[in-house]
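This report concerns only the one structure given below.
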Amino acid sequence: MKPLIVIGGGIAGSALAYFATQAGIKTVLVDAGKHAASDVPSALINPVRGQNGHVVEDGLEGAQFTFELLAKLEKLGYNIPHARDGVYRPVPDEKTHLKWVKNLPPDYPHAWLEQAPEEVHLQSHWHKVLYLPVGGWVDGQAFCTALQEASNVQVIRQTAVSFTAHRVVLQDQTELEGTVVFCGGSYGATLAGIAGTHRRGSLLLLKETLSEKPVSFGIYATPARKGGVLGSTFETPETQFRPSGLPLKSLHWLMDKAHQTFSTLDPQFQGLWTGVRFSGATLPREVLSLTALGSKGFLLGPKLASDLVQNTLIPLLHQ
Ligand SMILES: Cc1cc2nc3c(=O)[nH]c(=O)nc-3n(C[C@H](O)[C@H](O)[C@H](O)COP(=O)(O)OP(=O)(O)OC[C@H]3O[C@@H](n4cnc5c(N)ncnc54)[C@H](O)[C@@H]3O)c2cc1C
């Protein structure tokens, strides 16, 4: 049987390779190893997004699935810095609180607190704090590496310069034949001429975390493997991938928000991480793909990868 060829080793491609090999499908992963949004040092896993309490469709199942996968990998001995102890969301006033109460489904797991626990280090002016127990954070790069290693997949560290549904041409002109799934994210979509929305975003890497638990309020602060992160700024959407750092205007915005939120803000910066989020793609119908996951790669990516294997790849490859 010809193999499954996955293009891209971010969370989409790594999870797909993992579930495909678990299902006994021979798989090859082609990864350029460049500009992966999944290298994010600490990503929130939080099904409740935006400014008013809407729950992402399939977000609860997606988060639970991601956390179960992390637990499984941890049991296998992989060290993936992460935590599963919820997300705190401060609200500034009663009007906002009521808006959230109206939008958040009553049966969605949550609790309204008069104030956050001490280790969250919020300022006292916040009206209330929403505690969302189904949530946490994960080190993106460590997660992808563990998935690739656990799948024992053959990884080819090259760029796929062109591809169709059944053939991939690598940069050294080697040709691979098999069933192709494109998981190339922002960088890969730009190389392949796939249209979509690209949004450059940045996180500040801090020597010490601002909060022991994840906090999300327009910005987010989470622990990370080393210290913590404060993010994210997002620049004006663009029609293609464009790397590079954090404009000064965004840095001011981020620091202002952090000053309004946390009681102890004396950050010692140790770096900046920039990535490009990809969404709203017009994907070629003839090639299978799992990409354009927007800001939900770690929330939905693993579950979508598993569904793609179960619902499409197993029936297709075992015909
Ligand atoms: C600042 C910022 C903060 C974020 N915060 C969160 C968060 O809190 N929670 C969350 O869930 N998500 C978050 N995201 C979004 C998340 O990072 C993405 O949804 C996810 O990483 C996308 O994964 P992917 O596998 O689709 O693509 P990517 O991670 O971009 O991976 C694509 C891979 O494919 C490779 N590739 C591309 N083209 C080719 C080719 N032709 N040949 C070979 N290899 C190729 C690339 O080199 C790369 O390694 C954030 C993103 C940013 C930028």
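The basis for the numbers below is simple: all heavy atoms, side chains too, and nothing from hydrogens, waters or symmetry mates. On a predicted model such as this, the values are computed, not experimentally measured, just so you know.
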Query raised in the report: So, are Glu235 and Arg199 salt-bridged, with charged N and O less than 4.0 Å apart?
Result: no
Query raised in the report: In this structure, are over 12 heavy atoms from other groups packed under 6.0 Å from Glu119 atom CD?
Result: yes
Query raised in the report: Donor-acceptor pair, His125 side chain versus Gln260 backbone, under 3.5 Å?
Result: yes
Report task. Please tell me if the side chains of Phe143 and His82 come closer than 4.5 Å, counting only heavy atoms from C-beta onward. Result -> no
Query raised in the report: Taking atom CD of Glu57 as the centre, does the number of heavy atoms from other residues, nucleotides or ligands within less than 6.0 Å exceed 12?
Result: no
Report task. Please check if the distance between the ring centroids of Phe241 and His35 is under 6.0 Å. Result -> yes
**Report entry** Donor-acceptor contact present, side-chain Glu208 to main-chain Gly227, <3.5 Å
**Finding:** no
Query - Min side-chain heavy-atom separation Phe298-Val40 under 4.5 Å - result: yes
Requested in this report: Kindly work out whether a path of hydrophobic side-chain contacts (I/L/V/M/F/W/Y, heavy atoms less than 4.5 Å apart) joins Leu130 to Leu299.
Outcome: no
**Report entry** Polar side-chain atom of Ser211 near backbone of Lys213 as donor-acceptor pair, under 3.5 Å
**Finding:** yes
Query raised in the report: Do the non-hydrogen side-chain atoms of Arg242 and Thr190 ever get within less than 4.5 Å of each other?
Result: no
Requested in this report: Find out whether Leu300 and Leu293 are in side-chain contact, i.e. whether some heavy atom of one side chain is under 4.5 Å from a heavy atom of the other.
Outcome: no
Query - Flag, side chain of Ser14 to backbone of Gly9, donor-acceptor distance under 3.5 Å - result: yes
Query raised in the report: Would you find a donor on one side and an acceptor on the other, under 3.5 Å apart, between the side chain of Asp139 and the backbone of Arg225?
Result: no
**Report entry** Gln115, CD: over 12 other non-hydrogen atoms inside 6.0 angstrom
**Finding:** no
Query - Residue pair Leu122, Thr261: steps toward the side-chain contact (heavy atoms from CB on, under 4.5 Å) verdict - result: CA-CA 6 Å; Leu122 283 186; Thr261 306; 3.7 Å; yes
Requested in this report: Answer yes or no: are there more than 12 heavy-atom neighbours, outside Lys26 itself, under 6.0 Å from its atom NZ?
Outcome: no
Query raised in the report: Would you say Lys257 has more than 12 foreign heavy atoms packed within less than 6.0 Å of its NZ?
Result: yes
Query raised in the report: Is there a donor-acceptor pair closer than 3.5 Å between any side-chain N or O of Arg84 and the backbone N or O of Leu70?
Result: no
Requested in this report: Check step by step if side-chain contact (heavy atoms from CB on, under 4.5 Å) holds for Tyr220 and Asn46.
Outcome: CA-CA 11 Å; Tyr220 73 87; Asn46 179 18; over 6 Å; no
Query raised in the report: Would you say Ile80 and Thr145 make side-chain contact, with heavy atoms under 4.5 Å?
Result: no
**Report entry** Salt bridge flag under 4.0 Å for residues Lys2 and Glu177
**Finding:** yes
Query - Ring center gap for Phe217 and Trp126 short of 6.0 angstrom - result: yes
Report task. Say whether, by atom type as modelled, one donor and one acceptor occur between the side chain of Thr274 and the main chain of Ser202 under 3.5 angstrom. Result -> no
Query raised in the report: Is there a chain of hydrophobic side chains (I, L, V, M, F, W, Y, each step under 4.5 Å between heavy atoms) that links Leu206 to Leu272?
Result: yes
Query raised in the report: Would you say Thr312's side chain and Val309's backbone share a donor-acceptor pair under 3.5 angstrom?
Result: no
Query raised in the report: Is there a donor-acceptor pair under 3.5 Å between the side chain of Ser306 and the backbone N or O of Pro302?
Result: no
Query raised in the report: Which class fits the ring pair Phe19 and Phe65: parallel under 30°, tilted 30 to 60°, perpendicular over 60°?
Result: tilted
Query raised in the report: Do Leu290 and Ile11 share a hydrophobic cluster, counting only Ile, Leu, Val, Met, Phe, Trp and Tyr and linking them when any side-chain heavy atoms are less than 4.5 Å apart?
Result: yes
Report task. Go through the steps to decide whether Leu288 and Leu316 satisfy the test side-chain contact (heavy atoms from CB on, under 4.5 Å), and finish with yes or no. Result -> CA-CA 11 Å; Leu288 291 170; Leu316 188 75; 4.2 Å; yes
Query raised in the report: Within the side chain of Ser42, is there an N or O that forms a donor-acceptor pair under 3.5 Å with the backbone of Pro223?
Result: yes
Query raised in the report: Mind checking whether Tyr18 and Lys72 have side chains closer than 4.5 Å, heavy atoms only?
Result: yes
Query raised in the report: Is any side-chain heavy atom of Leu29 closer than 4.5 Å to a side-chain heavy atom of Gln148?
Result: yes
Report task. Take Trp137 and Val229, measure what side-chain contact (heavy atoms from CB on, under 4.5 Å) needs, and give me the verdict at the end. Result -> CA-CA 11 Å; Trp137 65 273; Val229 306; over 6 Å; no
Query raised in the report: Considering residues, nucleotides and ligands other than His166, do more than 12 of their heavy atoms fall under 6.0 Å from its NE2?
Result: no
Query raised in the report: Can you find a pair of side-chain heavy atoms, one from Leu204 and one from Leu251, that are under 4.5 Å apart?
Result: yes
